[in-house]
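Read the numbers this way: they start at 1 and go in the same order the structure lists the ligands and their atoms.
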Amino acid sequence: MHRFFTNEIQGNTAVVRGEDVKHISRVLRLRAGDAVELCDGTGRECDAVIGSIAPDAVTFETQAWRPAKSEPCARVTLFQCLPKAGKMETIIQKCVELGAEAFVPVQSERCVVVLKPPYAGRVERWQRVSEEAAKQSRRGVIPKVEEPVALEKLTFDGFDTILVAYENERTVSLKTALRSAHPSRVAIVIGPEGGFSEAEIKTLTENGAQSVSLGPRILRTETAGMAMLAQILYEVEP
Ligand code: SAM
């Protein structure tokens with residue numbers, strides 16, 4: 001069943017505009033009366049039937065909206081220290097497939113990449129990667145990519161579990177940390193290729209983060225977030 005995102009919803013009709021119109025009419029060659037699934041991008045979905053197809057808009061008659069079945073039971077935000085060029089797209093794509101809810105790019109001491117404002121172009125590109133991955137993986141939300149934040153300016157309001165993956169952590173494993181928590185809104189912080197300084201770990205732990213080890217092997221920065229996300233969702237999913 002084909003699935004499309006839309007936030008143009010009124011009563012029991014919805015409208016899709018933009019690139020998806022051409023995809024629906026010319027690529028998929030769908031017609032009025034065809035059944036599809038719609039997603040509002042905030043975690044709800046419904047069955048729908050195409051009402052009409054115009055050059056710039058497709059109108060649908062919608063059935064009852066329901067919670068999207070593809071959303072994980074824990075909401076995980078990945079705070080990713082800026083990796084070397086090109087890796088951020090891969091990290092976002094894979095972590096959307098794995099179930100991340102949002103991304104915060106972080107500027108930390110040892111980032112090779114130093115982003116200067118305006119960030120718009122870069123964030124828009126990352127947001128497009130997130131949207132494509134959300135469509136491909138049939139997510140119920142389009143994970144948001146926030147503007148980059150300096151590590152010392154990070155706040156974790158609203159998170160019940162804040163975990164920083166620290167390569168020099170020797171005592172607390174991710175498994176231990178999760179066993180003693182009931183994570184529902186989780187922040188995970190991943191360092192850049194150069195890792196974290198002790199001062200940064202101190203800043204993060206003073207800010208409520210628990211430093212955890214991901215095991216005896218050193219993962220690449222682009223692997224660590226995916227691995228940690230997958231392990232957390234494995235742990236919390238029924
Ligand atoms: N420069 C560091 C070193 O050589 O030890 C490695 C940093 S690692 C490439 C990048 C980030 O991935 C780390 O800052 C950490 O957030 C995470 N990471 C990788 N392996 C990890 C592990 N075994 N335990 C905890 N975090 C890990």
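Those atoms of ligand 1 that come under 4.0 Å of a heavy atom in Ala165, given as number and element, are 15 (C), 16 (O), 25 (C), 26 (N). Under a 4.0 Å criterion applied to the non-hydrogen atoms of Gly194, ligand 1 contributes the atoms 1 (N).
Counting heavy atoms under 4.0 Å from ligand 1, residue Ala224 touches it through the side chain alone. Using a 4.0 Å cut-off between heavy atoms, Glu169 makes no contact with ligand 1 at all. In Glu193, the part holding a heavy atom less than 4.0 Å from any atom of ligand 1 is the backbone. Of all the heavy atoms of Pro192, the ones lying under 4.0 Å from any atom of ligand 1 belong exclusively to the backbone. Using a 4.0 Å cut-off between heavy atoms, Val212 contacts ligand 1 through its backbone alone, with no side-chain atom that close.
For CD of Glu237, the number of neighbouring non-hydrogen atoms (other residues, nucleotides, ligands) closer than 6.0 Å is greater than 12.
Regarding atom 14 (O) of ligand 1, its nearest protein heavy-atom neighbour is Glu167 OE1, 2.8 Å. Distance from atom 8 (S) of ligand 1 to its nearest protein heavy atom, with residue and atom name: Leu219 O, 3.3 Å.
Gln80 places none of its side-chain heavy atoms less than 4.5 Å from the side chain of Phe103.
Looking at Val164, Val189, Leu214, Ile188 and measuring to atom 27 (C) of ligand 1, the nearest heavy atom belongs to Leu214.
Backbone and side-chain nitrogen or oxygen atoms of Arg217 are examined, and one is located within less than 3.5 angstrom of a nitrogen or oxygen of ligand 1.
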Worksheet item: Do Thr62 and Asn12 pass the side chain to side chain donor-acceptor pair (under 3.5 Å) test, and can you show the C-alpha distance, the side-chain angles, and the key distance before you say yes or no?
Response: CA-CA 5 Å; Thr62 59; Asn12 61 357; 5.4 Å; no
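Note on Lys202 versus Glu206: salt bridge recorded, some NZ/NE/NH1/NH2 to OD/OE distance being below 4.0 Å. Salt-bridge annotation for Arg139 and Glu97: absent, with no side-chain N of the basic residue lying under 4.0 Å from a carboxylate O of the acidic one. A salt bridge links Arg66 with Asp47: the distance from a Lys NZ or Arg NE/NH1/NH2 to an Asp or Glu carboxylate oxygen falls below 4.0 Å.
One hydrophobic cluster, built from ILVMFWY side chains closer than 4.5 Å, holds both Ile9 and Val21. Follow the hydrophobic side-chain contacts under 4.5 Å out from Val149 and you reach Ile201 in the same cluster.
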